[in-house]
Amino acid sequence: MWLALHFWTWIILTILVIVGLTRHSEKRVTQFLLLARLAYLVMIISGVVLSIRTFGHAPLLISLKFALGIATIALIEISFGRKMERDTPHLIYWILGIVGLITVGLGLTLAFR
């Protein structure tokens, strides 16, 4: 149950971030930012539960996944902040995408281990 919740929250969060960062109205960007924050709150809770249950099996990978998850959330916040300031360098989007993909990949590796 927790794994499914975590997985679907990642999908929903990805959609919210992509749609939110492509909006032109600041009001719409703010709405998607709030929805994204709600999604990663759920993701953090489910991630902590999953981490507690699997920490004994792969503590280094779990710690790395946790750090990458926090980095992804920080990059999402930075991306939305830059979008609201109308300063949208595409480098931050690339970094967010790469770190997000590494985080998801590591999470899937841990899930099927």
Side-chain angles (χ1 to χ4, degrees):
M1 177 182 112
W2 289 103
L3 184 60
L5 178 66
H6 197 71
F7 176 75
W8 285 107
T9 305
W10 260 111
I11 292 173
I12 292 168
L13 179 64
T14 302
I15 293 168
L16 289 171
V17 169
I18 291 171
V19 172
L21 291 176
T22 57
R23 299 297 100 186
H24 298 292
S25 167
E26 187 174 337
K27 181 179 177 181
R28 295 286 180 208
V29 173
T30 304
Q31 289 173 344
F32 279 97
L33 173 60
L34 291 175
L35 291 173
R37 285 178 176 166
L38 180 64
Y40 60 69
L41 180 65
V42 172
M43 189 178 57
I44 288 172
I45 293 169
S46 64
V48 167
V49 170
L50 289 170
S51 295
I52 290 170
R53 291 182 176 188
T54 59
F55 191 78
H57 300 292
L60 182 62
L61 290 177
I62 295 293
S63 300
L64 180 61
K65 166 73 168 63
F66 186 77
L68 285 171
I70 298 300
T72 302
I73 290 170
L75 287 168
I76 290 170
E77 286 291 324
I78 291 168
S79 296
F80 272 106
R82 296 260 175 100
K83 176 71 177 178
M84 284 194 243
E85 291 175 358
R86 304 281 183 214
D87 178 30
T88 56
H90 296 289
L91 179 63
I92 193 73
Y93 297 154
W94 281 102
I95 295 170
L96 172 61
I98 291 168
V99 172
L101 284 174
I102 293 170
T103 306
V104 169
L106 183 59
L108 289 173
T109 301
L110 288 169
F112 295 113
R113 197 160 198 232

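Smallest separation of non-hydrogen atoms from G20 and V29: O-CG2, 3.6 Å. In terms of heavy atoms, H57 sits closest to R53 at CD2-O, 4.3 Å.
To the nearest 0.5 angstrom, K83 atom NZ is 6.0 Å from H24 atom NE2. We find the CG-CG distance between L106 and L101 to be 12.5 Å, quoted to the nearest 0.5 Å.
Clustering ILVMFWY residues whenever any of their side-chain heavy atoms sit less than 4.5 angstrom apart, transitively, puts L75 in the very cluster that holds L64. A single hydrophobic cluster is not seen to contain both L110 and I45; linkage of ILVMFWY side chains at heavy-atom distances under 4.5 Å, directly or through other members, places them apart.
The side-chain hydrogen bond (donor to acceptor under 3.5 Å, both in side chains) pairs that include a residue from residues 39-50 are H6-S46, Y40-E77, where partners are two or more places apart or lie in different chains.
Taking L3 as the reference, L50, A111 meet the side-chain contact (heavy atoms from CB on, under 4.5 Å) condition, with sequence neighbours excluded. For T14, the side-chain contact (heavy atoms from CB on, under 4.5 Å) partners at least two apart in sequence or on another chain are W10, I18. The side chain to side chain donor-acceptor pair (under 3.5 Å) test applied to E26 returns no partner, not counting sequence neighbours. Partners of T103 according to the side chain to side chain donor-acceptor pair (under 3.5 Å) rule, which considers only residues two or more places apart in sequence or in another chain, are T72. Applying the side-chain contact (heavy atoms from CB on, under 4.5 Å) test to I11 and every residue at least two apart in sequence or in another chain returns F7, W8, I15.
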